[in-house]
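When a ligand or atom number is given, it counts from 1 through the structure's own listing order. Because the structure is a prediction, the values reported are computed rather than measured.
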Amino acid sequence: MTSSMDAILQVTDKTKLPQHVGIIMDGNGRWAQAKGKERVQGHYAGAKRVKPILKLAKRLKIKYLSVYAFSIENWLRPSFEVSFIMNLIKDYLQELRQEMIDEGVFFNFMGRRENLSKAVIKEIELTKEATKNNNTITLNLCINYGGRAELADAFKAMLQNNVKPEDVTEELISKYLYCPEVPDADLIIRTGGDMRVSNFLLWRSAYSELYFTETYWPDFSDEEFCDAVWSFMNRERRFGKTGDQVKKK
Ligand code: IPE
Ligand code: IPE
Ligand code: MG
């Protein structure tokens, strides 16, 4: 037990928790290089951190966890690294499926299907099907995901549905995103020391609280996840209002 975990668990008003946490799992390559290993060994070590963080998020009663595993831009990497990551995702889904069923995790895929291999799509579909009646926590695995691509796909679908310009509202755009039932991200964590969003959850991050840490993703501990959540719980979100207006609420 850690102090921030204790503090979070002691808060009885669960509305203070972030409902939706997004994680930009960055720094795998540098983690490996710092240890004199190959970059891909960092991806292997990074994949192993997803399960404990998912379990912890469930324990804290967070409802949605979105993890950025492969961006649309990541196809630009050397083909060896790309194939390694894709294989890892496939194996990881296979390995974790039963665990997700047992833990009541509802699995979602967020991203573009095009360019993903049949083998990866198959694992995604099997996992979605196996977890479709679960509702303890939703895991959104973001693969071949780009925030701009998500918006472009939404606008394309709106045009295909003959949506009239006067009917275009923010609410309607939200309904055309990938996994439209997933709410705005309350908290976005980025490991690895860079302070940027790298095309993650663009629409749903309009008012997200951001948490950056130097820690490389494979070293991101349960304690640090709790620190991030606790930091979120102690911030004042104003959504454009003044601090006084928010406090009076
Ligand atoms: C994040 O780690 C994983 C992916 C982007 C797939 P990186 O591979 O980007 O690690 P660094 O940033 O090069 O250290
Ligand atoms: C963001 O990390 C994407 C994922 C973690 C999957 P990158 O390593 O691709 O981001 P940039 O290129 O440094 O912005
Ligand atoms: Mg990186």
Under 6.0 Å from the NZ atom of Lys61, do we count more than 12 heavy atoms belonging to anything else shown? no
Tell me whether Leu201 shares a hydrophobic cluster with Phe107, the cluster being built from Ile, Leu, Val, Met, Phe, Trp, Tyr side chains joined at under 4.5 Å. no
Between the side chains of Asp26 and Thr191, is a donor N or O closer than 3.5 angstrom to an acceptor N or O? no
Sub-3.5 Å pairs, protein N or O with ligand 1 N or O:
unit_1: ligand 1; atom_1: 2 (O); unit_2: Asp26; atom_2: OD1; d: 3.4
unit_1: ligand 1; atom_1: 2 (O); unit_2: Gly27; atom_2: N; d: 3.4
unit_1: ligand 1; atom_1: 2 (O); unit_2: Asn28; atom_2: N; d: 3.2
unit_1: ligand 1; atom_1: 8 (O); unit_2: Arg39; atom_2: NH2; d: 2.9
unit_1: ligand 1; atom_1: 8 (O); unit_2: Arg77; atom_2: NH1; d: 2.7
unit_1: ligand 1; atom_1: 9 (O); unit_2: Asp26; atom_2: OD1; d: 2.9
unit_1: ligand 1; atom_1: 9 (O); unit_2: Arg77; atom_2: NH2; d: 2.8
unit_1: ligand 1; atom_1: 10 (O); unit_2: Gly27; atom_2: N; d: 3.4
unit_1: ligand 1; atom_1: 10 (O); unit_2: Asn28; atom_2: N; d: 3.1
unit_1: ligand 1; atom_1: 10 (O); unit_2: Gly29; atom_2: N; d: 2.9
unit_1: ligand 1; atom_1: 12 (O); unit_2: Asp26; atom_2: OD1; d: 2.8
unit_1: ligand 1; atom_1: 12 (O); unit_2: Arg30; atom_2: NE; d: 3.4
unit_1: ligand 1; atom_1: 12 (O); unit_2: Arg30; atom_2: NH2; d: 2.8
unit_1: ligand 1; atom_1: 13 (O); unit_2: Arg39; atom_2: NH1; d: 3.0
unit_1: ligand 1; atom_1: 13 (O); unit_2: Arg39; atom_2: NH2; d: 3.1
unit_1: ligand 1; atom_1: 14 (O); unit_2: Gly29; atom_2: N; d: 3.3
unit_1: ligand 1; atom_1: 14 (O); unit_2: Arg30; atom_2: N; d: 2.7
unit_1: ligand 1; atom_1: 14 (O); unit_2: Arg30; atom_2: NE; d: 2.7

Tell me whether Asn28 contacts the main-chain N or O of Gly46 through its side chain, where contact means a donor paired with an acceptor under 3.5 Å. no
Working note: Arg235 + Glu209, criterion salt bridge (Lys or Arg N to Asp or Glu O under 4.0 Å); need CA distance, chi angles, decisive distance, verdict. CA-CA 8 Å; Arg235 296 188 196 182; Glu209 296 296 327; 3.1 Å; yes
Can you run down the side-chain hydrogen bond (donor to acceptor under 3.5 Å, both in side chains) pairs that involve residues 171-180, sequence neighbours left out, and say none if there aren't any? Asp153-Tyr178, Asn161-Tyr176, Ser174-Trp203
Against heavy atoms of Arg196, which atoms of ligand 2 measure under 4.0 Å? 11 (P), 13 (O), 14 (O)
Is there a donor in the side chain of Asn115 and an acceptor in the side chain of Trp75, or the other way round, less than 3.5 Å apart? no
Is the backbone of Asn134 close enough, under 3.5 Å, to the side chain of Thr131 for a donor and an acceptor to pair up by distance? no
Protein N, O or S atoms lying under 2.8 Å from the Mg ion (ligand 3), listed by chain and number: Asp26 OD1
Cluster membership besides Tyr207, Ile/Leu/Val/Met/Phe/Trp/Tyr side chains within less than 4.5 angstrom, sorted by chain and number, is Phe239
